[in-house]
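Letters A, B, ... mirror the listed sequences (proteins, then strands); counts begin at 1.
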Protein chains: 2
Amino acid sequence: MADVAARAGVSLSTASLAFSGNKPVSPATRERVLAAAASLGYAGPNPLASNLRRGRSGVVGIAVGRLSTAFRDPAALPMVDAVSDVLDAAGFGLLLMGDDAEHARLPLDAVIYDICGRETWTSYDDLVARDVPMVVVEGPAWPGTTLIDIDHRGGARALARHLHDLGHRRVATLMLEPSHPQREREAGLREVFPDAEVVGSCASDHDAAQAIVSDYLAAEPDVTAIVCQSDVQAAAVVVEARRRGLDVPGDLSVGGFDGITTPWLDLELTTVEQPLADKGRATAEAVLARIAGEPAHDVVLPVVLRVGGSTGPA
Amino acid sequence: MADVAARAGVSLSTASLAFSGNKPVSPATRERVLAAAASLGYAGPNPLASNLRRGRSGVVGIAVGRLSTAFRDPAALPMVDAVSDVLDAAGFGLLLMGDDAEHARLPLDAVIYDICGRETWTSYDDLVARDVPMVVVEGPAWPGTTLIDIDHRGGARALARHLHDLGHRRVATLMLEPSHPQREREAGLREVFPDAEVVGSCASDHDAAQAIVSDYLAAEPDVTAIVCQSDVQAAAVVVEARRRGLDVPGDLSVGGFDGITTPWLDLELTTVEQPLADKGRATAEAVLARIAGEPAHDVVLPVVLRVGGSTGPA
DNA sequence: TTGTATGCGTTATCAA
DNA sequence: TTGATAACGCATACAA
């Protein structure tokens, strides 16, 4: 930049201003600086130096674990997309993080924990030590973090009531791995069906869910409905039930969670629809606030029951 | 770090070495430095300063466009996962890039273009100007980039021959949007079926594919097989064919591309399996080589035909 | 194995 | 609107 400034006949600081626009520069000077840059093949301020001086990298980490696990469930995508949109607009980029502490050496302005069923993250302590702002999606909230959550319990309760209204009394549930969302949803379910049987628990993965529910249905259980904790699980239950000759919802009602579309099924799932994009936007806004040093309040977003064709009278 | 060094009674450079391990430091000194750091709450070298000094950020961009588009097709995930694994092990992180030029201000050591059907990226010129190494996945290769590709044409040809061997003569193809992979695959198909009819073209998305093929089948075309350019498309064709009362593969054979699993179908697709993880690893290795200033050679990976239950005698 | 000295390329402060 | 100057926090060449 010094060369560019010299070539343009201005000082280094003026050249810097011409690029950053942080203070007014006369159009003529700016023009000369840009021309000098072009003729010297200078592509603009070096991001590394700029980062050091400004104390900011423009990089926000998002901890999702393994991609093929995190994004196997389509419900994860719209949320991350929304985060990305908001951060992009503010000039920040999203860096994918696994859960190893090596990331401590990366220049992160903030970190998002998109919990995905995890309970702990080994990088937490490191980030606290470095004063890196953290935003946690779907809890649990740790000290110093901002929490963006949805109303798991209320959603689960609404779905349970819907089934109860349809006359169901013997209900089972296919759970996610132990986590804050799972515990909250189970609590909501048990407000209506205290004795709901547990089918099993697995990630939000078609194969895993189908295998578990296959074993369960083979034992010819005495239930009229299965409540799942994700639509991917619910779709797997529908597929498996049919494979066993059961009619859905005639013989078995199936409930989901998330509100994604399942185009490969010929019915729409009854599900608890969560505002995925809103969740992402709220997350990104909390991140930006924390980076700016402003306080960020926790958020709990509402969900709505969407009745489809996978549930019917008991 | 100066404070830590003072506290430990060593020089700044020794403290630096104690943290980086780039030169030998006596265990005793190192111990004292680390203890001093702990007692002062110093979490290790500031990444921003370290980055400037070393001329490297540890951040590698990956341009995939919109996440919910790029990762809607499960085939994209294992590849990115493999990239992430290799880069992680080398201390690099993956930053998701859309296609806007704002990313020019981010500290990127290299950029991966995971083409996903795109032909152009607006950030290319900027990155060239900044001398940022670029690796392009599935072409076309631009000047200065390293190309990691698969044998699209050979795979498509093998699938076409398989159908020809089964007696098929009237074959149609459902294409991806215009792109290097699509053109190569079409060329492979036409080596065997020069007159293959075009069903249409769309992204690798279930809904889009099903809509297109629905219109096509409604016209009761005179074909015995449909070759798709992704397994997601192929699954959609199977679903739609059955919805119309056609037996697969009795009335219609369907071929795919990618080699993913489709657990919600009760048959395995006949498909061209590509080495997704190998592709990711090769990509990451090319990135690391280019960052290290070493030459990186282009790569073309082989594919294999995997015969499943979606194709049968004409 | 440790210490001294220098500069990485900016941006911000302040004065002109 | 512009210019002089001082950090930003570290890693390395070199000398000891």
Engineer: Let's test your reading of the model: under 3.5 Å, does the base of C:dT10 pair with the side chain of A:Arg53 as donor and acceptor?
Structural biologist: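 Such a pair does not exist between side chain and base.
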
Engineer: Under 4.0 Å: is that the gap between some side-chain N or O of B:Ser13 and OP1 or OP2 of D:dC10?
Structural biologist: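 Looking at the OP1 and OP2 atoms of D:dC10, neither is under 4.0 Å from any side-chain N or O of B:Ser13.
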
Engineer: Could you say whether B:Leu52 or B:Arg32 is positioned toward the 5' end of DNA chain C, judged by the nucleotide with the nearest heavy atom to each?
Structural biologist: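 In this pair, the answer is B:Arg32.
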
Engineer: Between C:dT10, D:dT2, C:dT2, which nucleotide has the shortest distance from any of its atoms to the side chain of B:Leu17?
Structural biologist: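 The listed nucleotide nearest to B:Leu17's side chain is C:dT2.
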
Engineer: For B:Phe19 and D:dC10, what is the distance between atoms CZ and C1' respectively, to the nearest whole Å?
Structural biologist: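 Answer to the nearest Å: 12 Å.
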
Engineer: How many whole angstroms separate atom CZ of B:Arg105 from atom C1' of C:dG9?
Structural biologist: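 Value for this atom pair: 14 Å.
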
Engineer: Please determine whether a side-chain nitrogen or oxygen atom of A:Ser50 lies at a distance below 4.0 Å from atom OP1 or OP2 of C:dG9.
Structural biologist: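 So the side chain of A:Ser50 is outside the cut-off, no N or O lying under 4.0 Å from OP1 or OP2 of C:dG9.
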
Engineer: How many whole angstroms separate atom CG of B:Asn51 from atom P of C:dT10?
Structural biologist: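 It works out to 15 Å between those atoms.
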
Engineer: Does D:dA11 have its OP1 or OP2 closer than 4.0 Å to a side-chain nitrogen or oxygen of B:Ser16?
Structural biologist: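 Yes, such a contact exists.
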
Engineer: Under 4.0 Å, counting only non-hydrogen atoms across every strand here, what does A:Tyr42 touch: a base, just sugar-phosphate, or nothing?
Structural biologist: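 A:Tyr42: backbone/sugar contact only, no base atoms under 4.0 Å.
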
Engineer: Should we count CZ of A:Arg290 as having more than 12 external heavy atoms under 6.0 Å?
Structural biologist: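 Above 12, so yes.
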
Engineer: Looking at A:Ser11, does any N or O in its side chain come under 4.0 Å of the phosphate oxygens OP1/OP2 on D:dA4?
Structural biologist: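 Checking A:Ser11 against D:dA4: no side-chain N or O falls below 4.0 Å of OP1 or OP2.
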
Engineer: Does A:Ser20 reach a base, just sugar-phosphate, or nothing at all? Heavy atoms under 4.0 Å.
Structural biologist: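 Counting heavy atoms under 4.0 Å across all strands, no contact is made by A:Ser20.
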
Engineer: Mind checking A:Leu12 for me? I need base, sugar-phosphate or nothing, with any heavy atom below 4.0 Å counting as a touch.
Structural biologist: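 Base, at least one base atom sits under 4.0 Å.
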
Engineer: Any idea which of D:dG3, C:dT2, D:dT1 is nearest the A:Thr14 side chain?
Structural biologist: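 Comparing D:dG3, C:dT2, D:dT1 against the side chain of A:Thr14, the answer is D:dG3.
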
Engineer: Is any side-chain N or O of A:Asn22 closer than 4.0 Å to OP1 or OP2 of C:dA12?
Structural biologist: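 Answer is yes, contact under 4.0 Å.
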
Engineer: Looking at A:Arg281 and A:Asp85, does any basic side-chain N land under 4.0 Å from a carboxylate oxygen?
Structural biologist: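 A:Asp85 and A:Arg281: not salt-bridged.
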
